[in-house]
**Q** 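My questions will all concern the structure given below.
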Amino acid sequence: MKLMNCPINGPRPLQEFFYWGECRDMPNPDTCTDGEWVDYVFHRNGAPGVKKEWWYHMASGVWFIAVRDTQADEVKETYLYGAGPHHE
Amino acid sequence: MPLRLLRFALNGKHSEPRMFRNHDTLKSSYDAVIIGAGGHGLAAAYYLARDHGMTNVAVLEKGYIGGGNTGRNTTIIRSNYLTPEGVEFYDASIKLWEDLGQDFDLNLFYSKRGHFTLAHTDSAMRTMRWRAEVNKHMGVESEVVGTKDIQDACPQLDMTCAGHAPILGALYHAPGAIARHDAVAWGYGRGADQRGVEIHQRTEVLNIDVKGGRVQGLTTNRGYISTPKILCAVAGSTPRVTNMVGLRTPIIIHPLQAMVTEPIKPWLNTILVSGSLHVYVSQSDRGELVMGASLDPYEVQSTRSTLDFAEGLSAHMLDMFPFLSNVKINRQWAGMADMTPDFAPIMGKTPVEGFYLDAGWGTWGFKATPISGKTMSYTLANDRDHDLIKSFRLSRFAEYELTGEKGAASVGH
Ligand SMILES: Cc1cc2nc3c(=O)[nH]c(=O)nc-3n(C[C@H](O)[C@H](O)[C@H](O)COP(=O)(O)OP(=O)(O)OC[C@H]3O[C@@H](n4cnc5c(N)ncnc54)[C@H](O)[C@@H]3O)c2cc1C
């Protein structure tokens, strides 16, 4: 069984988690161009890399950030939004 | 081991003809280069040479031909999609499939089995009726059938699915078929090779040279090639290649897994799909049950497989066929599915002149191999999108004109 570290509940089976994609900044819809908006709505960075992603622990309702190598499928670290090394 | 094989092993010489030539060197330029020797890339090469007289063409493959999703898929071929543009496109593919073996003079084990998409809920039944009406309107054999027809076609099926997902009916598609995936790649590869196309295995494209918005050439692990036209047909590697030309797309990569049982006596004549139970299954000519389920739940760009998948799929298989409880799983594997938000492919010209995209084939692209080769070769030769693929253009996202295929493709393959 694969485990993931929930920042609140510690290591839990991966099946308890839900993936919500890469963290992305939303442009301001009032000021951005149509092209920037389309890019935000549809385009994704599908190439492998170490990515910052939204994950959710379903059993306890915790949203958090995971830093994951998407090619090796290896979670480097998990932390609550705002508590990370880079202070989102 | 057959004696003939032993003789080969001992004298070290192949008396059997090879399916295609090996080339020691790359030329310094080609009229067109195709990246990826999966079914799609090889089919495009074949029709470029056969229908458009373009033979100064190289197909570059970083591994071996058919080693990507083409050789990993569960080979379900059907055209009972939901949108008119989807049905029209996939049905044109079925027409090509039907005499492809003759075309190649190669046995593709193309086997028409009939295809049932089981409905376990009222809302699924409604979607089946909708699909049947669209299909019939487009001239595709497709009808909603009741439980008796399903039970007659597959007496071994537990119609209650262990009591918790009773089957209410199904969408039945008589032309539904399976085929031998490797032979499809070899057939297209051999046909392209015989007409002058060069196939280079173990040749990886590392970079693409674009100047003034136009393709100039590309760098491989075996040197630089100049070319005015590049077709990108790399399925699960698409984002890596589109990055080389600075093209943004909605494609994300999720693994799709499959597995087979040990060979057993033939008993399953049809192809069965259950969206609710996330199962699709057919029996191969060797007697293995070939099974798949839904996509892995998160992005991964590799072909690792998981125990979760094998456990989950086995449990659902036993809901449908309790008598299989003693049958063993023989092999399990994964491919990298290039997913799009509307479950339709992305095909045709791109904002980079000379860079043509054949991607977004996700979990459903094997059946499209012939028609994608046909339409992409036309598009590349004429520098104009073929009519059949206009709805699948990359710019549909910027134009907010997505297709509505999700309902029929998300698990159905
Ligand atoms: C488990 C599974 C089950 C499936 N089941 C079905 C099904 O039942 N029915 C159906 O219709 N579809 C199915 N599909 C989808 C189908 O397999 C694919 O959509 C289709 O085979 C894609 O073919 P392709 O030729 O585009 O890609 P591929 O066969 O993946 O070929 C792409 C090739 O490009 C090469 N490549 C990548 N990057 C480079 C580079 N930089 N340089 C050189 N070469 C490169 C790769 O090595 C690869 O060989 C399934 C897929 C999977 C994974």
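Only this structure's heavy atoms are used, side chains among them; waters, hydrogens and symmetry mates stay out. Below, chain A is the first sequence line, B the second, and so on; all start at residue 1.
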**Q** Using 30° and 60° as the class boundaries, would you call the ring planes of A/Y19 and B/H254 parallel, tilted or perpendicular?
**A** perpendicular
**Q** Let me know if A/W20 has heavy atoms under 4.5 Å from chain B in its side chain, its backbone, both or neither.
**A** neither
**Q** What residue, out of A/G21, A/A47, A/G35, A/A72, has the most heavy-atom pairs lying under 4.5 Å from chain B?
**A** A/A47
**Q** Holding to ring-ring contact (aromatic ring centres under 6.0 Å, His included), I want the full list of residues that pass it with B/Y356, two or more places apart in sequence or in another chain.
**A** none
**Q** Nearest 0.5 Å, what's the CG-CG distance between A/L14 and B/D308?
**A** 7.0 Å
**Q** If I take atom CD from residue A/Q71 and atom CZ from residue B/R304, how far apart are they, to the nearest 0.5 angstrom?
**A** 12.0 Å
**Q** Is B/I251 close to chain A through its backbone or its side chain, or both, or neither, when contacts mean heavy atoms under 4.5 Å?
**A** backbone
**Q** Hey, what do you get for CD (A/E53) to OH (B/Y298), rounding to the nearest 0.5 Å?
**A** 9.0 Å
**Q** Taking all atoms of both residues into account, what is the closest heavy-atom pair of B/P239 and A/G46, and its distance?
**A** CB-C, 3.3 Å
**Q** Which answer fits A/D39, side chain, backbone, both or neither, if we ask what part of it has an atom under 4.5 Å from a heavy atom of chain B?
**A** both
**Q** Find the distance between CG (A/D34) and CD (B/E399) and round it off to the nearest 0.5 Å.
**A** 12.0 Å
**Q** More than 12 non-hydrogen atoms from neighbouring residues, nucleotides or ligands closer than 6.0 Å to CG on A/N28, yes or no?
**A** yes
**Q** What part of A/Q15 is in contact with chain B, defined as an atom under 4.5 angstrom from a non-hydrogen atom: side chain, backbone, both or neither?
**A** side chain
**Q** Any chance you could measure B/I253, atom CD1, to A/R44, atom CZ, to the nearest 0.5 Å?
**A** 13.5 Å
**Q** Working to the nearest 0.5 Å, report the span between CZ of A/F42 and CZ of B/R248.
**A** 13.0 Å
**Q** Does OH belonging to B/Y64 count more than 12 external heavy atoms closer than 6.0 Å?
**A** no
**Q** Any non-hydrogen side-chain atom of A/D73 less than 4.5 Å from a side-chain atom of B/E299?
**A** no
**Q** Return the set of residues passing ring-ring contact (aromatic ring centres under 6.0 Å, His included) with B/F309 (not counting sequence neighbours), or none when no residue passes.
**A** none
